[in-house]
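Before any comments, here is the structure.
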Amino acid sequence: MKTSEHHGQTGFVLVAVLVALVVLTLLASAVAVVSERAIAEARADADAFEGEIATVGTRDSVLYLLSTQRQTYGGLTVDQQVVWSVGQATAIRPDDDFGDATNFLPIGNEIKLDGTPYLGLGGARFALQDDAGRFSPNWSFPMYRDGFLTMLGVPAGEWDVLDARRLDYQDPDDLYRLNGAERAQYKDRGMPGPANRTLLTPLELRRVMGWDKALAKLDDAKLMDLLTTSRTVNINVNTAAPETLRSLPGVDAPTAQRIVDLRQKLPHMLAWQFIQTFNLPMDETQPLGLLAVGYGTLKLWHNAGGPVRMIHWTLTPTDEGGRPWRLDYEIVLPRDQHTDSDMARAPQTPVFPQPGQADG
């Protein structure tokens, strides 16, 4: 009897020990999982913090270059180098804003302002685009409207309606244009009323009655790449995307791609030569741009992930007592194939270390 009781007690102890071991094992596993998760979260927070520092540093470095370096037909120079060549007299404007001679001939190492991705600091990436390479629904020359709306796939019979509704949205009164729309029409459709001012960002164009449908095929990132609300009438053929180039008279999709391919080798430098090369029904008096303007967008993202930040900048060298630049707005956009690509170039400037070099 005692032997049975002894064996029973021993079995109970063994079971209790086994249960305790299982509990301890489970607790140890839980602690390990929690610890690993905490370490991973801490590492992710550290990476995000370092990525933010790299992104801000890249932003300020690019803005510094924009405000201190001159531009050529090829883009933003990086080393203060001036190239003198045969034909220099025709390439220099002696009457620039500061009374200095300015040479616009390309050097070959410029940072392009056509959305080309570049390596920034600490894994950050950036891309510059000047606003002259975009279509402006606020200010663009009327001759570009038809090509732009054709590119969007809008039937020709709707062009005048879209224009009337855009103007009604922008003008300061409530007078109704033919085919337009004012506050009453917006209210009937359950939409916010017209802003009665020019558009502040390209995304606001979706709020204009009829334009939401016209732009339905474009996501926000593409819309921001193609449109601007800045005061510009020229289309810069050295920075415009193929879609924007199609707003030029006589430019179809293959011609637009040829324009882009040729400017990768050598930027277009003479308007009459550009018109003749592509046999366009235009002349030199029409609004055709070859140089970037002093305002545009800067895209910033990090190779570790996260969204894309698009900042609109304006250079303000003549503002008294202010910065040499102004940041007009910032929009957060999702990543796309362009920003996920590993094809970013290294700018040839000590401001951004080359691959294999340590960040200074």
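Below, all heavy atoms of this structure are taken into account, side chains as well, without hydrogens, waters or symmetry copies. As the structure is a prediction and not an experimental result, all values here were calculated from the model.
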Interatomic spacing from CD1 in Ile235 to OG1 in Thr244 - rounded to 0.5 Å: 6.5 Å
Common cluster, Phe104/Leu288, ILVMFWY with side-chain heavy-atom separation under 4.5 Å: yes
Main-chain N/O of Pro267 paired to Asn238 side chain as donor or acceptor, under 3.5 Å: no
Spacing of Leu218 atom CG and Leu205 atom CG [to the nearest 0.5 Å]: 10.0 Å
Nearest heavy atoms of Val332 and Pro307, plus distance in Å: CG1-CB, 3.6 Å
Donor on one side chain, acceptor on other, His312 and Thr229, under 3.5 Å: no
Candidate list Trp301, Phe352, Trp313, test ring-ring contact (aromatic ring centres under 6.0 Å, His included), partner Phe126, passing option: Phe352
Side chain His268, main chain Gln273, donor-acceptor under 3.5 Å: no
Spacing of Lys213 atom NZ and Leu152 atom CG [to the nearest 0.5 Å]: 13.5 Å
Any side-chain heavy-atom pair of Leu128 and Lys112 under 4.5 Å: no
Heavy-atom donor-acceptor pair, Asp168 side chain to Ala181 backbone, under 3.5 Å: yes
From CG (Leu215) to CG (Leu227), nearest 0.5 Å: 6.5 Å
Connected via hydrophobic side-chain network under 4.5 Å: Leu266 and Ile275: yes
side-chain contact (heavy atoms from CB on, under 4.5 Å) between Thr198 and Glu204, intermediate numbers included: CA-CA 10 Å; Thr198 55; Glu204 189 180 357; over 6 Å; no
Donor-acceptor contact present, side-chain Thr349 to main-chain Val351, <3.5 Å: yes
Side-chain donor-acceptor contact under 3.5 Å, Gln170 with Arg166: yes
pair Gln129-Thr239: side-chain heavy atoms closer than 4.5 Å: yes
Arg309 bridged to Glu52 by N-O distance under 4.0 Å: yes
Verdict with reasoning, Met224 to Leu203, per side-chain contact (heavy atoms from CB on, under 4.5 Å): CA-CA 7 Å; Met224 293 296 297; Leu203 298 182; 3.8 Å; yes
Side chain to side chain donor-acceptor pair (under 3.5 Å) assessment of Arg134 paired with Thr297: CA-CA 11 Å; Arg134 295 182 167 104; Thr297 57; 2.6 Å; yes
Worked check of side-chain contact (heavy atoms from CB on, under 4.5 Å) between Leu66 and Trp325: CA-CA 9 Å; Leu66 282 167; Trp325 64 75; over 6 Å; no
Rounded distance [0.5 Å steps], CG in Asp160 versus CZ in Arg165: 12.0 Å
Cluster overlap Leu200 with Leu327, hydrophobic side-chain contacts below 4.5 Å: no
Residues Arg231 and Asp131 bridged, charged N to O under 4.0 Å: no
Side-chain donor or acceptor of Arg326 paired with backbone N/O of Leu315 under 3.5 Å: no
Leu162 backbone acceptor or donor facing Trp211 side chain under 3.5 Å: yes
Electrostatic pair Asp252:Arg258 at N-O distance under 4.0 angstrom: no
Distance-minimising heavy-atom pair for Ala256 and Arg246: CB-CG, 3.9 Å
Side chain Asn179, main chain Ala164, donor-acceptor under 3.5 Å: no
Within one Ile-Leu-Val-Met-Phe-Trp-Tyr cluster: Val56 and Val62, side-chain cutoff 4.5 Å: no
Inter-residue atom distance Glu330.CD - Asp328.CG, 0.5 Å rounding: 12.0 Å
Polar side-chain atom of Arg125 near backbone of Gly123 as donor-acceptor pair, under 3.5 Å: yes
Neighbour count >12 (heavy atoms, 6.0 Å) for atom OH, Tyr329: yes
Verify same cluster id: Leu270, Val237 (apolar side-chain graph, 4.5 Å): no
Minimum heavy-atom distance Thr232-Asn234, with the two atoms named: OG1-O, 3.6 Å
Heavy-atom closest contact (Pro202 atom, Leu223 atom, distance): O-CD2, 3.7 Å
Stepwise side-chain contact (heavy atoms from CB on, under 4.5 Å) check, Met191 with Met209: CA-CA 8 Å; Met191 300 173 63; Met209 187 179 296; 4.3 Å; yes
SB check Asp219 Lys222 (cutoff 4.0 Å): no
Polar side chain donor-acceptor pair, Glu110 to Tyr73, under 3.5 angstrom: no
Least distance between heavy atoms, Thr58 atom then Leu121 atom: OG1-N, 3.0 Å
Side-chain heavy-atom pair Phe278, Ile259 within 4.5 angstrom cut-off: yes
Side-chain H-bond candidate by donor/acceptor type, Ser136 with Asn138, under 3.5 Å: no
Flag side-chain contact, heavy atom, 4.5 Å: Ile311 against Lys299: no
Asp130 vs Tyr295 side-chain heavy atoms within contact, under 4.5 Å: no
Leu149 side chain reached by Glu158 side chain, heavy atoms, under 4.5 Å: no
Ring geometry between Phe148 and Phe135 (parallel below 30°, tilted from 30 to 60°, perpendicular above 60°): parallel
Under 3.5 Å donor-acceptor, Thr77 side chain and Arg70 backbone: yes
Whether Tyr169 and Tyr186 hold their rings parallel, tilted or perpendicular, with breakpoints at 30° and 60°: tilted
Considering all heavy atoms, the nearest Val308-Pro334 contact: CG2-O, 4.0 Å
Validation row: Arg345, Ile111 side chains within 4.5 angstrom (heavy atoms): no
Minimum side-chain heavy-atom gap Asp225-Glu243 below 4.5 Å: no
Donor-acceptor pair, side chain of Arg177 and main chain of Asp163, under 3.5 angstrom: no
Carboxylate-amine/guanidinium contact Asp171 Arg197, below 4.0 Å: no
